[in-house]
There are 2 protein chains.
Amino acid sequence: MDDIDRRIVQLLQTQARMSYAELARQVGLTSPSVQERVAKLERNEVITGYRAEINSEAIGLGITALIGIVTIAGSEYADVADAIREITEVESCYFMAGEESYLLKVRVGTMAELEYLVTRLSRLPGVGGTRTTIALSTKWESRPQDRS
Amino acid sequence: MDDIDRRIVQLLQTQARMSYAELARQVGLTSPSVQERVAKLERNEVITGYRAEINSEAIGLGITALIGIVTIAGSEYADVADAIREITEVESCYFMAGEESYLLKVRVGTMAELEYLVTRLSRLPGVGGTRTTIALSTKWESRPQDRS
DNA sequence: ATTGAAAATAGGCACGT
DNA sequence: ACGTGCCTATTTTCAAT
């Protein structure tokens with residue numbers, strides 16, 4: 001991980017479809033060299049994937065909510081996570097320090113769907129309670145970190 | 001937005017660097033047709049960007065935390081958001097319903113950096129208080145929604 | 001450095017309005 | 001007749017080794 005690697009990562013973080021040729025021009029190497037570096041970054045799991053960013057409203061998922069999950073004492077944390085994983089509306093899942101063991105970011109199309117989602121979550125084995133807050137707007141999301 | 005568009009979106013959501021040629025094969029169209037569709041999806045802001053997913057630990061940002069921000073009555077919400085935006089450690093920022101007006105997802109390398117970050121946030125004009133919780137682990141993040 | 005593949009672009013055809 | 005969406009054909013650029 002030298003400066004050039006960092007520069008490559010930085011470029012791909014915001015323009016993941018950039019060609020190797022273009023990357024090469026920007027970092028001052030040849031295309032094969034850059035290909036080799038990117039392959040190595042992928043192999044070392046510095047780069048773990050490439051995603052198109054989708055406007056969720058455009059695909060009928062206009063509501064974003066955060067749901068804290070309080071687990072029941074004595075339940076297996078991993079089992080709770082596995083159960084939550086089955087629920088496709090849960091875009092992100094963090095195991096947290098604090099009273100709420102999990103924090104979920106979810107997306108749904110309607111309030112009715114959110115209600116249904118919360119009831120499904122609250123019925124999962126090991127789940128003692130939920131606390132839902134709604135995002136009125138997303139100011140920004142998944143902004144790349146500038147560690148350069 | 002027909003079924004083919006949805007399929008293209010779905011493919012790019014998980015493999016953003018897939019070539020137009022490969023996309024074309026998968027959806028049963030020619031490469032130029034797919035290019036045209038993708039260009040239109042970008043123009044209509046259904047696809048808003050392409051990002052490489054980076055293993056944050058690998059770039060020295062091993063700590064993920066969530067910070068709720070209580071704003072002071074009478075302060076301009078937008079100004080608070082603008083001030084927060086200047087802080088690069090804040091990867092996501094949601095304007096929330098509830099007591100905490102903003103919820104931030106932040107990444108730092110060390111606890112000392114987190115402490116410094118929280119103090120900077122708490123000093124911003126309009127910020128009345130902060131509540132920080134730490135992610136012990138990320139089970140998953142930015143998982144694509146299956147609206148297909 | 002070379003070869004095959006893909007991207008980009010232009011032009012035309014068919015369909016539906 | 002016009003816009004739309006797909007195709008083919010060609011040139012240029014890129015990927016891969």
Side-chain angles (χ1 to χ4, degrees), chain A residues 1-62 107 109 140-148, chain B residues 1-59 141-148:
Chain A
M1 255 314 245
D2 59 7
D3 283 347
I4 292 178
D5 281 339
R6 272 184 283 275
R7 181 81 186 120
I8 289 171
V9 163
Q10 196 185 330
L11 287 164
L12 287 176
Q13 235 172 344
T14 51
Q15 293 149 263
R17 279 182 72 78
M18 186 181 282
S19 70
Y20 293 121
E22 181 60 27
L23 277 171
R25 278 188 285 270
Q26 304 239 7
V27 304
L29 294 177
T30 63
S31 168
S33 305
V34 168
Q35 267 176 78
E36 182 56 37
R37 278 172 179 268
V38 171
K40 192 171 291 180
L41 288 166
E42 291 170 355
R43 233 181 299 121
N44 298 343
E45 292 182 323
V46 175
I47 296 174
T48 55
Y50 302 95
R51 314 207 123 135
E53 237 191 2
I54 306 303
N55 179 348
S56 14
E57 294 184 24
I59 56 167
L61 297 171
R107 283 202 221 272
W140 64 89
E141 208 166 34
S142 309
R143 184 174 65 167
Q145 308 286 112
D146 249 25
R147 190 87 170 183
S148 59
Chain B
M1 256 311 243
D2 60 6
D3 284 347
I4 293 179
D5 281 339
R6 272 183 284 273
R7 180 87 185 114
I8 290 171
V9 163
Q10 195 185 330
L11 288 165
L12 287 176
Q13 233 172 347
T14 51
Q15 293 149 263
R17 278 181 73 77
M18 186 181 280
S19 70
Y20 292 122
E22 180 61 26
L23 277 171
R25 280 188 285 270
Q26 303 237 10
V27 305
L29 292 178
T30 62
S31 170
S33 302
V34 168
Q35 270 177 73
E36 184 53 41
R37 277 173 179 266
V38 171
K40 191 172 291 180
L41 287 166
E42 292 169 355
R43 233 182 298 122
N44 298 344
E45 293 181 321
V46 176
I47 296 174
T48 54
Y50 303 95
R51 320 208 115 138
E53 237 191 1
I54 305 303
N55 178 349
S56 14
E57 295 184 20
I59 56 167
E141 209 167 35
S142 308
R143 185 173 66 169
Q145 308 286 112
D146 251 24
R147 189 89 171 181
S148 60

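Every chain is numbered from 1, with letters handed out A, B, ... down the list of sequences.
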**Prompt:** If you round to the nearest 0.5 Å, how far is CE of A:M1 from CD1 of B:I59?
**Reply:** 6.5 Å
**Asked** Quick one: is the NZ or CZ of B:R37 closer than 6.0 Å to the six-membered ring centre of B:Y20, and within 45° of its axis?
**Response** no
**Request:** Supply the atom-to-atom distance A:Q10 CD to A:Q15 CD, rounded to the nearest 0.5 angstrom.
**Result:** 10.0 Å
**Request:** First locate atom CZ of B:R43, then atom NZ of B:K40, and finally report the distance between them rounded to the nearest 0.5 Å.
**Result:** 6.5 Å
**Prompt:** What is the distance from atom OG1 of B:T48 to atom CD1 of A:I54, rounded to the nearest 0.5 Å?
**Reply:** 6.5 Å
**Request:** Summarise how protein sits on nucleotides 2-17 of chain D as a single string, 5' to 3': B when a protein heavy atom is under 4.0 Å from the base, S for sugar-phosphate-only contact, - for no contact.
**Result:** ---SSBBB----SSBB
